[in-house]
Amino acid sequence: MGIKIEHLVKRFGSFAALDDVSLDIRKGELLALLGPSGSGKTTLLRVIAGLEQADSGRVLFDGEDATRLTVQARRAGFVFQHYALFRHLTVEENVAFGLRVRKGRDRVPDATIRTRVAELLSLVQLEGFGTRYPAQLSGGQRQRVALARALAIEPRVLLLDEPFGALDAQVRRDLRRWLRELHDRTGLTTIFVTHDQEEALELADRVAILNRGRIEQLGSPADAYDMPASPFVYSFVGAVNRVPAQWDGGALHVAGLPLRPRGQAGRGEAEVYVRPEDLHLVDATHPEAWPATIIGAQRTGPRLRLRTRVAGSEVELDVELPAEREGPTTAPGQTVRLAPKRFGWFPRDGATAPA
């Protein structure tokens, strides 16, 4: 099912949780809503589900205005961060709950429910766990039960609100891979909320990045990381060095180094954004490099993170290298030359961006 969001506004008192949000969600895609706390991502998910009513704007399901539909009529499967399982019910009873509460013409026969529950427990790899209670399961298993329960009602869309936020790092990584495989098997339109950049970039077909109730950027995970549309996106998605700069003579002067970005030049003050992995150690023959001194070095698994200070300035730059580069030449106190392989820039107040 395709979903179209048109100019949604939602306020809580003077706080604008959603500020004129419009978004097209493609049929069968896995879309991440990524942003910091208070950015509006969970509010947007709840408005789609019908758990919150927007002050203005519309939600369309396959072209049908769903704004006034009840939660039940929208048929959205919702999975919360803390599972929301019924502790007094077994796994089978939890999965079957949404089917058993149907009444009248919508009532589902017991035999059909048992078959459906068995199929779903197989789908989420929990065969043999049907008679257990939630307290007898691990966190990852409980979340898979919650997903099976959401799928039992044959939803038109699956909505996940920080589904792995309560789990430890290794379980989260395992469940991310599993959820991606599950999505590819079911083809169900899926929207999930997260503040974890790695989770969004690994899982999603597209990422909508929210800030202060607005969508700052919508695109592929690669675009969000490689071509950020704003200073906020550059700073929020991945690590980045921010360096003050000045346009002069068609070049962007950054800590004494003239850089020439692609495209039309700007004017006035600017800020350059360069990711630690896009800074390379080069020799003295390189024409565009910063002389710098290493002031700190930290090994993290397969990566080596250097903290450097550009000569003759207060500018400090983080550099990320493969761990095999660790050695005497990358120890604190050593002098190096740093060349940016790729960078972006945005104007500061009073500056002019390219057309």
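For the numbers below, each heavy atom of this structure counts, side chains included, while hydrogens, waters and symmetry mates do not.
- We find that Arg180 and Asp205 are joined by a salt bridge, their nearest charged nitrogen and carboxylate oxygen being less than 4.0 Å apart.
- Taking both residues in full, the closest heavy atoms of Arg214 and Val21 are given as CA-CG2, 4.4 Å, listed atom of the first, atom of the second, then distance.
- Between Asp318 and Arg307 there is a salt bridge, since at least one side-chain N of the basic residue sits less than 4.0 Å from a carboxylate O of the acidic one.
- Nearest heavy atom pair, residue Ala17 against residue Thr43, reads CB-OG1, 3.9 Å.
- Residues near Ile153 contribute nothing to a hydrophobic cluster around it, because no ILVMFWY side-chain heavy atom sits closer than 4.5 Å to its side chain.
- Checked by atom type and distance alone, the side chain of Arg116 never pairs as donor or acceptor with a backbone atom of Ala118 at under 3.5 Å.
- Sequence neighbours left out, not one pair with a member in residues 106-129 passes ring pair (Phe, Tyr, Trp, His ring centres under 6.0 Å).
- Through ILVMFWY side-chain contacts below 4.5 Å, Tyr133 is grouped with nothing and stands alone.
- Contact between Asp19 and Arg212 at its shortest, heavy atoms only, is CB-O, 4.4 Å.
- A salt bridge is absent between Glu154 and Arg75; no separation between the charged side-chain nitrogens and carboxylate oxygens falls under 4.0 Å.
- Phe61 CZ to Thr67 OG1: the interatomic distance, rounded to the nearest 0.5 Å, is 9.0 Å.
- Hydrophobic side-chain contacts under 4.5 Å tie Tyr273 into a cluster, directly or through other members, with Tyr234, Val240, Phe346.
- Taken together through direct or relayed side-chain contacts under 4.5 Å among Ile, Leu, Val, Met, Phe, Trp and Tyr, Leu60 and Leu31 form parts of separate hydrophobic clusters.
- No more than 12 heavy atoms of other residues, nucleotides or ligands shown are found within 6.0 angstrom of CD on Glu314.
- Transitive grouping of hydrophobic side chains (ILVMFWY, heavy atoms separated by less than 4.5 Å) keeps Val237 and Leu30 in distinct clusters.
- Nearest heavy atoms, Pro340 versus Val274: CB-CG2, 4.2 Å.
- In this structure, Glu181 contributes its side chain and Trp178 its backbone to no donor-acceptor pair below 3.5 Å.
- Taking every heavy atom of both residues into account, Thr189 and Gly28 meet most closely at OG1-N, 2.8 Å.
- Atom NE2 of His195 has 12 or fewer neighbouring heavy atoms from other residues, nucleotides or ligands inside a 6.0 Å radius.
- Looking only at distances, a side-chain donor or acceptor of His253 sits under 3.5 Å from a matching main-chain atom of Asp248.
- Side-chain contact between Pro347 and Arg267 is absent, with no heavy atoms from C-beta onward closer than 4.5 Å.
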Next item on the list: Would you please test Arg176 and Glu198 for salt bridge (Lys or Arg N to Asp or Glu O under 4.0 Å) and show each step?
Entry: CA-CA 10 Å; Arg176 286 203 297 263; Glu198 180 182 339; 3.1 Å; yes
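- In this structure, Ile209 is not a member of the same hydrophobic cluster as Leu23, with clusters built from ILVMFWY side-chain heavy atoms closer than 4.5 Å.
- Taking all atoms of both residues into account, the shortest heavy-atom contact from Val193 to Asp161 is CG1-OD1, 3.5 Å.
- Partner of Lys4 under the side chain to side chain donor-acceptor pair (under 3.5 Å) criterion, chosen from Asp65, Asp24, Asp62: Asp24.
- Of the possible polar contacts, none joining the Lys10 side chain to the Leu18 backbone as a donor-acceptor pair under 3.5 Å is found.
- Separating the CD atom in Gln197 from the CZ atom in Phe236 is a distance of 4.5 Å, to the nearest 0.5 Å.
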Checklist line | From CA spacing to verdict: side chain to side chain contact (heavy atoms under 4.5 Å, CB included), Leu45, Phe78 | finding: CA-CA 9 Å; Leu45 200 73; Phe78 209 111; 3.8 Å; yes
Next item on the list: Please test Asp174 against Arg177 for salt bridge (Lys or Arg N to Asp or Glu O under 4.0 Å), starting from the C-alpha separation and ending with a verdict.
Entry: CA-CA 5 Å; Asp174 292 342; Arg177 288 191 292 268; 2.6 Å; yes
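- If you check the side chains of Glu199 and Thr194, you find a donor sitting under 3.5 Å from an acceptor.
- A side-chain donor from one of Gln170 and Arg173 sits under 3.5 Å from a side-chain acceptor of the other.
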Margin query: Apply side chain to side chain contact (heavy atoms under 4.5 Å, CB included) to residues Val91 and Leu137 and explain how you reach the verdict.
Written below: CA-CA 9 Å; Val91 166; Leu137 303 177; 3.6 Å; yes
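- Using a 3.5 Å distance cut-off with no hydrogens or angles, the side chains of Glu216 and Ser230 do pair a donor with an acceptor.
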Item checked: Pair Ile3-Val157, side chain to side chain contact (heavy atoms under 4.5 Å, CB included): steps then yes or no -> CA-CA 9 Å; Ile3 301 173; Val157 59; 3.7 Å; yes
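- A donor-acceptor pair under 3.5 Å links the side-chain atoms of Arg144 to the main chain of Val124, judged by distance alone.
- Applying the salt bridge (charged side-chain N to carboxylate O under 4.0 Å, His left out) test to every pair with at least one member in residues 272-298, sequence neighbours left out, gives these pairs: Asp278-Arg342.
- Both Met1 and Leu33 are members of a single hydrophobic cluster when ILVMFWY side chains are connected at heavy-atom separations under 4.5 Å.
- Proximity of Val319 to Thr308: side-chain heavy atoms (C-beta onward) are separated by under 4.5 Å at one or more points.
- A distance-only check finds a donor-acceptor pair linking the side chain of Arg74 to the backbone of Ile48 [under 3.5 Å].
- In the hydrophobic clustering of this structure, Leu279 groups with Val315; members are Ile, Leu, Val, Met, Phe, Trp, Tyr whose side-chain heavy atoms approach within less than 4.5 Å, directly or through other members.
- In terms of modelled atom types and a separation under 3.5 Å, the side chain of Gln143 and the main chain of Pro163 share a donor-acceptor contact.
- Here Thr330 contributes atom OG1 and Glu324 contributes atom CD; the two are 11.0 Å apart, rounded to the nearest 0.5 Å.
- In this pair, His88 and Phe86 present their aromatic rings perpendicular. The plane angle is above 60°, beyond the 30 to 60° band.
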Next item on the list: Please test Val207 against Leu218 for side chain to side chain contact (heavy atoms under 4.5 Å, CB included), starting from the C-alpha separation and ending with a verdict.
Entry: CA-CA 6 Å; Val207 180; Leu218 172 65; over 6 Å; no
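- When atom types are taken as modelled, the side chain of Thr115 and the backbone of Ala111 share a donor-acceptor pair closer than 3.5 angstrom.
- In this structure, Met227 stands alone, with no Ile, Leu, Val, Met, Phe, Trp or Tyr side-chain heavy atom under 4.5 Å from its own, directly or through other members.
- Side-chain atoms of Gln217 come within 3.5 Å of backbone atoms of Ala229 as a donor-acceptor pair (strictly under, hydrogens ignored).
- Between Arg242 atom CZ and Leu317 atom CG the span is 13.5 Å, to the nearest 0.5 Å.
- Taking CD of Gln246 as the reference point, atom CD of Glu271 lies at 12.5 Å (rounded to 0.5 Å).
- A 4.5 Å side-chain heavy-atom check between Val282 and Leu338 finds every atom pair outside the cut-off.
- Using a 4.5 Å heavy-atom cutoff, the side chains of Leu8 and Ser22 are not in contact.
- Of the possible polar contacts, none joining the Asp223 side chain to the Gly219 backbone as a donor-acceptor pair under 3.5 Å is found.
- Annotation: the span from Arg142 atom CZ to Leu85 atom CG amounts to 8.0 Å, rounded to 0.5 Å.
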